[in-house]
Each structure stands twice: as C-alpha cells, then as structure tokens.
There are 2 protein chains.
Amino acid sequence: MKTQLKKGVLDLCVLAVLDRGDSYAYELVNQLAQGMQISEGTIYPLMRRLQAEAWVETYLVESSAGPSRKYYRLTAAGRAELDAMRREWRDFVSEVDLVLSPAPQTEEALS
Amino acid sequence: MKTQLKKGVLDLCVLAVLDRGDSYAYELVNQLAQGMQISEGTIYPLMRRLQAEAWVETYLVESSAGPSRKYYRLTAAGRAELDAMRREWRDFVSEVDLVLSPAPQTEEALS
DNA sequence: CGCCATACCTTGCAATGCAAGGTATCGTGC
DNA sequence: GCACGATACCTTGCATTGCAAGGTATGGCG
C-alpha cells in the first residue's frame, strides 16, 4: 500500500479502532497491519501525538506474557475529533472522486 | 482541506485532469484549486516528478496574454499509471472504510 | 513608464510514515 | 540457571511531499 496515501488517515483509523474498545500500541499495529500495513516506527510517535492532543488517555495493565501494556482510551474530545475526521474523510473522498470522474463535457468542448 | 490527506493523491488528480485534455501548470492549479486547494509551490515540483517518470511530456505554446505556456500531455505510460493509481485509490478507500465501519462483533466479544 | 495579470520557477520548512536498531519482561526448553 | 523467542515498549534518521514566500519575465492597459 502506497505510503503517501496513508498520511493523515492513520490518526483517523487508530481513533476508529479505539472507539470500538481500548487497546495498546502493539496490538493496534497487528490489527491495522492486516489491511493497512503499518509498522511500530509509525504507531508510537502517532500515539504520542494523539495523547498530546488529549484525544486519548493511557493506563497500564500488567501482562502475564511480557511487559506491561500501555492501554489507550478515547477521551470525549477524541470521540468528537473522530466524528470530525470521519466527515473530513468523506468530504475528501467525494472531492477526489469528483476529479476522477469524467467531467461532463461542455457544449463547446464537443465543438 | 487537510494537507496530509492530499499526499499521494495529487499525482492521481493531475493525471486524471490531463487525461481529459492537455493543460499547463498554472491552469491546473486554478482548476484543482476549486475543490482541492493546491498552490503553485506544489504543482511545479509535482509536474517535474511526473515528467521525470515519463508519465507526461511537454510542449511550449505561445500565449497572447503573457509568457509561453508549458503544456503537459499524458504519455501512454502515464495513462497506464493513471489506471493503476485509480485502482490503488479505490482499494485504499475500501480499506479505510472497512476500518471505519463498525466491526461486526464476534460472539465472544459480546460475552 | 508603472502596474496588474499571466506564467514560469526555487528555497526552506513542516508533517508524517518507516526502516533499523535498542531495551526490558515473561515463559519455555535445555 | 540460562539462552531464546515472543511480547511490548521506545528512539533516531531518512524520504517524501505539500506549501508559503519569494523571485523572474512577458504582455496589455492607462
């Protein structure tokens, strides 16, 4: 999957996944990696940004099969942002599809 | 419109517009700027990239209202690339929409 | 001649995805 | 006990690309 296309969409995807239930970075990578391809080097800085924006908050949970997991939970602000991003995404897709669709030829263009 | 979302889509949009007829950078900006917001600082490096990939070729046309225009014409390779990019775009949108759609809850998740 | 629109272009910055590499914890097998 | 793989965290440096800001040149108009 083309790297550039993902820019600006991964935030949305992560928030959407978190909206279905709390999770931690390592798990998020594995979930999203199935269809989207995303690596650890991407997710950790990303989660820091989301937290810096106060869209998520964290809590530690000890694991019986490795180090403690840092779980992320959507905040109210995060949920609001998710809604806004969903709208932006829809508008963006519409806009691009409009450009991609064959333009209705004008009368003079048909000569 | 969010800057990051455009990354990787502008190539596609420009190729799609050129597929409807030759054009020059200054005009492309004005056309795309209506819905997409794109500036000159973006288009000129972009056109150079497209040309470097041999997806477009150029020819000069003198204008009666300013300096000569550098027209861009899609090459056969450019048209093939456009088709490939259209498919990538569709797949990408499907993938993101899949993540955004509420996941079908599994039996155990419903406990 | 000055000014605006047209039309070209470059430089430097910001954002972000990723590969590569590093650290620590836990269970399993020897 | 100890090596090893899986789990889980993290950082550094690079590549790509959109954009603001600024620069140059042409042609028509007052």
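By convention in this document, chain letters (A, B, ...) are assigned in the order of the sequence lines, proteins followed by strands, and residues within each chain are numbered from 1.
By the side chain to side chain contact (heavy atoms under 4.5 Å, CB included) test, A:Ser39 is found to be paired with A:Thr42, residues two or more places apart in sequence or in another chain being considered. In this structure B:Asp91 satisfies the side chain to side chain contact (heavy atoms under 4.5 Å, CB included) test with no other residue, sequence neighbours excluded.
For the pair A:Val61 and A:Lys70, the minimum side-chain heavy-atom distance is 4.5 Å or more. In this structure the side chain of A:Val14 never reaches within 4.5 angstrom of the side chain of A:Trp55, judged on heavy atoms. In this structure, A:Val9 and A:Leu5 have side chains that are not in contact, with every pair of non-hydrogen atoms separated by 4.5 Å or more. Between A:Trp89 and B:Val93 there is a side-chain heavy-atom pair separated by less than 4.5 Å. Under the 4.5 Å side-chain criterion, counting only non-hydrogen atoms from C-beta, B:Leu32 is in contact with B:Cys13.
Between the C1' atom of D:dT17 and the CG atom of B:Leu5 lies a distance of 14 Å, rounded to the nearest Å. Atoms CD1 (A:Ile43) and P (C:dG17) sit 9 Å apart, rounded to a whole Å. The distance between atom OH of A:Tyr72 and atom C1' of D:dC10, rounded to the nearest whole Å, is 10 Å. If you measure from atom CG of B:Leu46 to atom P of C:dC9, you get 13 Å, rounded to the nearest angstrom. Rounded to a whole Å, the CE atom of B:Met47 is 17 Å from the C1' atom of C:dT10. Distance, A:Arg48 CZ to C:dT16 P: 16 Å, rounded to whole Å. As rounded to whole Å, 13 Å separates atom P of D:dA8 from atom CG of A:Leu60. Atom CD in B:Glu27 sits about 15 Å away from atom C1' in C:dA5, given to the nearest Å.
When distances are taken from the side chain of B:Arg69 to each of D:dG18, D:dC10, C:dT6, the shortest belongs to C:dT6. Set against D:dC9, C:dC9, D:dT17, the side chain of B:Arg49 has D:dT17 as its closest nucleotide. Of the candidate nucleotides D:dA8, C:dA7, C:dG17, C:dA7 has the atom lying nearest to any side-chain atom of B:Tyr44.
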Listed pairs, N/O of protein and of nucleotides 19-26 of chain D, under 3.5 Å:
from, atom 1, to, atom 2, distance (Å)
D:dC19, OP1, B:Lys6, NZ, 2.4
D:dC19, OP2, B:Thr42, OG1, 2.8
D:dC19, N4, B:Gly41, O, 3.4

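Using a 4.0 Å cut-off, some side-chain N or O of A:Tyr24 falls inside it from OP1 or OP2 of D:dA8. Here B:Ser63 reaches the OP1 or OP2 of C:dA7: one of its side-chain N or O atoms lies under 4.0 Å away. Side-chain N/O atoms of B:Tyr26 include one lying less than 4.0 angstrom from OP1 or OP2 on C:dT6.
The base of C:dT16 does not come close enough to the side chain of B:Lys7 for any donor and acceptor atom to sit less than 3.5 Å apart.
The side chain to side chain donor-acceptor pair (under 3.5 Å) pairs that include a residue from residues 73-87 of chain A are A:Asp19-A:Arg79, A:Glu57-A:Arg73, where partners are two or more places apart or lie in different chains. For residues 21-36 of chain A, every residue pair satisfying the side chain to side chain donor-acceptor pair (under 3.5 Å) rule, not counting sequence neighbours, is listed here: A:Asp22-A:Tyr59, A:Ser23-A:Glu27, A:Tyr24-A:Arg69.
Rounded to the nearest 0.5 angstrom, B:Gln51 CD and B:Arg48 CZ are separated by 7.5 Å.
Taking the screw axis at each terminus of the helix from C:dC1-D:dG30 to C:dC30-D:dG1 from five consecutive base pairs, the angle between the two is 10° to within rounding of 10 degrees.
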